Amino acid sequence: MKFVLATQNPKKREEMAAILGDLGVEFVTEEDIGVDVEVEETGETFGQNAALKARAVMEATGMPAIGDDSGLCVDSMNGAPGVYSARYGGPELDDAGRCELVLEMMQGQTDRSAHFETFVVCAFPNGDWFAAKGECHGSIAFAPMGSNGFGYDPIFFRTEEQKTFAQMTAEEKAAISHRGNALRSFKERLKKYLEEHPEMTEGA
Ligand code: IMP
C-alpha cells in the first residue's frame, strides 16, 4: 500500500520515512508519481489546511494521501504569523526577512513566548480520515542564531536546550519539534488503522 505525501518537498518524505518507516507501507511524493496538485491554503487553521491538502491529493490520485501544515504562533502577536507563516510580510521576503520582521514586531516586548504547531491529516479514498497534532514551545530570541534548518528556526529559542532550532542538528530538532511530535502521534494513529485494515499491508 502506497501513501502519497501532499507535498513537492522531498525533505518531508525523508523526515516521514525516518519516523514512519517501519510500518510496512511506502510513502511517495506527488513528484514521484507525476502529479502536481495545486491546493489553495484557504483554511483558517493548520488542521483545515492540512485536510484541504490531503483531500485534494487523495481525490486527484485515488490513493490515501497525507497532508501537513505548520507554522509559528507568537503569543504577544495574537498567534501571528500562524497560518500565514510561509507568506508573512509578503512575497518579496525570504526566510531571513521574515525572521527580521518578527524581531521588529517584538521590539520592546517582554512576553516572548511562542510555539510551533503542526497538523498531519490522512485521507483515504473510502472516506476515512484521521489527524494528529504536534506542538513545540519556546520563545522568540533577540537576534537570529545558528544556520541549520529553515524558516523561523534561527529565532526560535528553547530554554531547555539553551539553543535555537537553527543551532540544533536535524536529529536534535526532530526529537522535540512540533513536526516530530505530530508525526510520532500520527504514527500511533496510522498503526492502529493498519491493524484494523490488514488488507492495506498485505503483500507489502
Ligand atoms: P509548512 O506547512 O510545513 O510548509 O510550514 C509553513 C511555514 O511555517 C514554513 O514556510 C516556515 O516559514 C514555517 N515553519 C514550519 N515549520 C517550521 C520549522 O520547523 N522551522 C521553522 N519554520 C517553520
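Start at 1 and go down the list; that is how both ligands and their atoms are numbered. Given the structure is predicted, the values throughout are model-derived calculations rather than measurements.
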| field | Proximal atoms of ligand 1 relative to Gly71 (non-hydrogen, under 4.0 Å) | value | 8 (O)
| Tell me: protein heavy atom nearest atom 20 (N) of ligand 1, and distance? | Asp153 OD1, 2.5 Å
| request: Would you mind running through ligand 1 and noting each atom that sits below 4.0 Å from a heavy atom of Gly151? | output: 21 (C), 22 (N)
| Pair Arg158 + Glu160: basic N to acidic O under 4.0 Å | yes
| request: Please determine if Arg98 has a nitrogen or oxygen closer than 3.5 Å to a nitrogen or oxygen of ligand 1. | output: no
| Looking at CZ of Phe186 and CG of Leu20, how far apart are the two atoms once the value is rounded to the nearest 0.5 Å? | 6.5 Å
| said: Just so I know, are the side chains of Leu52 and Thr42 near enough to count as touching, which here means a heavy-atom distance under 4.5 Å? | reply: yes
| message | Using a 4.0 Å cut-off to any heavy atom of Lys173, which atoms of ligand 1 qualify? | response | 18 (C), 19 (O), 20 (N)
| Is it true that Lys192 and Glu196 make a salt bridge, defined as a side-chain N closer than 4.0 Å to a carboxylate O? | yes
| message | Checking side-chain polar atoms at under 3.5 Å, does Asp75 have a donor or acceptor matched by the opposite partner on Ser113? | response | yes
| request: Pick one of side chain, backbone, both or neither for how Arg179 approaches ligand 1, counting any non-hydrogen atom pair under 4.0 Å. | output: side chain
| field | Nearest protein heavy atom with distance in Å, relative to atom 5 (O) of ligand 1 | value | Ser70 O, 3.4 Å
| With hydrophobic residues grouped by side-chain heavy-atom distances under 4.5 Å, do Val83 and Met77 end up in a single group? | no
| request: May I ask you to check if Arg98 and Tyr84 form a cation-pi contact, with NZ or CZ under 6.0 angstrom from the six-membered ring centre and within 45° of the axis? | output: no
| remark: min-distance protein heavy atom vs atom 8 (O) of ligand 1 -> Ser85 CB, 3.3 Å
| remark: Closest to atom 3 (O) of ligand 1 among protein heavy atoms sits Lys12 NZ, 3.2 Å
| Taking the minimum heavy-atom distance to atom 23 (C) of ligand 1, which of Phe119, Phe116, Phe165 ranks first? | Phe116
| remark: Under 4.0 Å from one or more heavy atoms of His178, ligand 1 contributes atoms 16 (N), 17 (C), 18 (C), 19 (O)
| Are any of the side-chain heavy atoms of Cys122 and Tyr193 separated by less than 4.5 Å? | no
| message | Under 4.0 Å, heavy-atom basis, I'd like to know which part of Phe150 is in contact with ligand 1: side chain, backbone, both or neither. | response | both
| query | Would you call Ser177 a ligand 1 contact, heavy-atom distance under 4.0 Å? | reply | no
| said: Grouping I, L, V, M, F, W and Y whenever their side-chain heavy atoms are under 4.5 Å apart, do Phe157 and Ile155 come out in a common cluster? | reply: no
| query | Tell me, which protein residue and heavy-atom name are nearest atom 12 (O) of ligand 1, and how many Å apart are they? | reply | Tyr152 CE1, 3.2 Å
